[in-house]
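The chains referred to below are lettered A, B, ... by the order of the sequence lines, with proteins before strands, and numbering in each begins at 1.
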There are 2 protein chains.
Amino acid sequence: MGKTTSVKTIDRLVAVLDCFSSERPAWSLTELSQQLGLPKSTLHRFLTALESHGVLRCDPRDRRWRLGYRLLIWGNLAAESSGLRHVARPIMEELVATTRETAILTVYYQQEVVCIEKVETNHPVRMTLHVGTRRPPHAGASSKVLMAYLPEEEVRAIIQDKGLPRLCVNTITDPDRLWEELARIREQGYAESHEETDLGAWGVATPIFDRGGEVIAAIGVAGPRSRYTEQRAQEFVALCRQAARRISALIGAEPSTLGRESDEFPWKEVIARVP
Amino acid sequence: MGKTTSVKTIDRLVAVLDCFSSERPAWSLTELSQQLGLPKSTLHRFLTALESHGVLRCDPRDRRWRLGYRLLIWGNLAAESSGLRHVARPIMEELVATTRETAILTVYYQQEVVCIEKVETNHPVRMTLHVGTRRPPHAGASSKVLMAYLPEEEVRAIIQDKGLPRLCVNTITDPDRLWEELARIREQGYAESHEETDLGAWGVATPIFDRGGEVIAAIGVAGPRSRYTEQRAQEFVALCRQAARRISALIGAEPSTLGRESDEFPWKEVIARVP
DNA sequence: AGAGGTGTTCCATTATTTGGAACTTGTTCC
DNA sequence: GGAACAAGTTCCAAATAATGGAACACCTCT
């Protein structure tokens, strides 16, 4: 975890910001100081400094701290600056137009799966997953696909560190079954999920490779069980495969085919390898 | 600007992250060191530390630094934790259903206007503005509404610091005309914009007040000129007013009316005053 | 009015960041 | 092919910036 190069203040900053979650979006000074084991004075200075930059905001009413607008701005820029995302977007839109279900683009990052782009269907009953949402890597089609192409030791580390918590009725909670499933996914080249993450949801996903043959992301389609048929599932797999192949192709493509990109680093932007 | 309480490392962090923009999403070490006037060694340690936390990422191919996924995650959480946003969302969805145009929710923040929520119409030709996008405060309906209710000295500061750059054909670039416009907006209680920010776009917006009568946000509807009629504009103003009033009411409402909120701080979450 | 909690300020101490210089790596040009 | 250059990386003594205990201020509730 702790790298040779580290700046303590940054470690602390990350620790502070990581306290905030959907479940616990607001903290008082005292609560945070207990959570982090830091003296109130130190933390107070820290929080105030962050507030002056809009990274946090302190509600004067309840004296509680929340994430601030500057993070919104940076988050938006981070999303924008993903070349993969730019390339994938129009292809995802086509995918949604054809399947009439929500499409998501995900990457693996530090034992979690992060949604970096989504295009929603306009069906009233739909699957919704916001950009930036994190999910455990063992449940759901996109997650499993990404996990399937991870190095073995990484998978082992995940199982050890995070376990395989049951998120929904069909979540795979047994390590052996998970290993089998990952092997099958690699073999068939896609993953399928039925109510592994959310009740009444199903989905399929395929891997996106970079030029070096590494999996850098997954593209998936998800919808409500009510619209599931085996035939649709198979069609969706084919469509995701096609979409993934097109994205892969664009990622390795010549500058000219990519259209407008920054003038300064025309195509390097796009092939930005996802960590 | 410089507060009494400050942590230098945080100031520096913000300075680093603020280098990244839509126009310039990728920086090499040397470029950044020149931009910030920092020695490469210092910066290198800093960037590496940020990378180890996923705040930045360094593309191994072009050795350029970009904003990382952790910012995506935090940005997403920041958006989620805005109580205002939660309250406004369903009302905005209704607004979109009625007007068939895109609705946006914006706040004023440090001489800029930030979009904190949007609901898009599914019309193929539509106005699109992503959450987290910043705009100058002198152009566009939502921006002008927020500016209209700012303290006079703040408006003066904006004009002095940022000027009134022409963004589009009808942008107000003359300070006197802007002051007039802001006065009119306060008088009539809404703002209208025709091609002030984007060619072929128009919109209206109304202010959202908190219990203390302060303007904390603006709600607006925007669409393409091709669907503009004077009558629609007037209807939209009425609908925005109504939406704003409903949001204002909810912001000051009793816990019970708000439905599911965190168990720990039921309604305080919602009345979180926007800075 | 007092008790108990929360948030805020102060300042000497100490640990952390700093950045010049030296080193490594990779690219370009002869 | 190798020399020259540029970009990135590591090191370490110096100095500065963060630390946190303690004392203070401010609420709120009984």
Length of the line joining [X]:[atom1] and [N]:[atom2], which is rounded to integer Å:
X: A:L13; N: C:dT17; atom1: CG; atom2: P; result: 12 Å
X: B:Q34; N: C:dG19; atom1: CD; atom2: C1'; result: 16 Å
X: B:L29; N: D:dT10; atom1: CG; atom2: C1'; result: 13 Å
X: B:F46; N: C:dT17; atom1: CZ; atom2: P; result: 9 Å
X: A:E31; N: C:dG5; atom1: CD; atom2: C1'; result: 13 Å
X: A:R45; N: D:dT19; atom1: CZ; atom2: P; result: 6 Å
X: B:D11; N: D:dT16; atom1: CG; atom2: C1'; result: 15 Å
X: A:L43; N: C:dG7; atom1: CG; atom2: P; result: 10 Å

- [ ] With DNA chain D as reference, determine whether A:R63 or A:P39 sits nearer its 5' end, using the nearest nucleotide of each.
- [x]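 Of the two residues, A:P39 wins.
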
Any side-chain N or O of [X] under 4.0 Å from OP1/OP2 of [N]?
X: B:H44; N: D:dG8; answer: no
X: B:T42; N: C:dG19; answer: yes
X: A:K40; N: C:dG7; answer: no

Open item on the list: Of the options D:dG20, D:dA18, D:dT10, whose atoms approach the side-chain atoms of A:L38 most closely?
Closed with: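 Selected nucleotide (nearest to the side chain): D:dG20.
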
Task: Residue B:T30, side-chain atoms from C-beta onward, closest of C:dT18, C:dT6, D:dA7 - done: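 Side chain of B:T30 sits closest to D:dA7.
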
Task: Closest-nucleotide ordering on DNA chain C, the 5'-leading residue of A:S28 and A:T9 - done: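 Its nearest nucleotide being more 5', the pick is A:S28.
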
Open item on the list: I'd like to know if B:S41 reaches the base of C:dG20 with its side chain, counting only an N/O donor and acceptor under 3.5 Å.
Closed with: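 Side chain to base: pair found, below 3.5 Å.
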
I need the [X] [atom1] to [Y] [atom2] distance, nearest 0.5 Å.
X: B:L29; Y: B:Q34; atom1: CG; atom2: CD; result: 10.0 Å
X: B:L67; Y: B:C19; atom1: CG; atom2: SG; result: 10.0 Å
X: A:S81; Y: B:W65; atom1: OG; atom2: CH2; result: 13.5 Å
X: B:M147; Y: B:E154; atom1: CE; atom2: CD; result: 9.0 Å

TODO: Check whether any side-chain heavy atom of B:V16 sits under 4.5 Å from a side-chain heavy atom of B:L43, and report yes or no.
DONE: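 The answer is yes, as the side chains (C-beta and beyond) meet within the 4.5 Å cut-off.
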
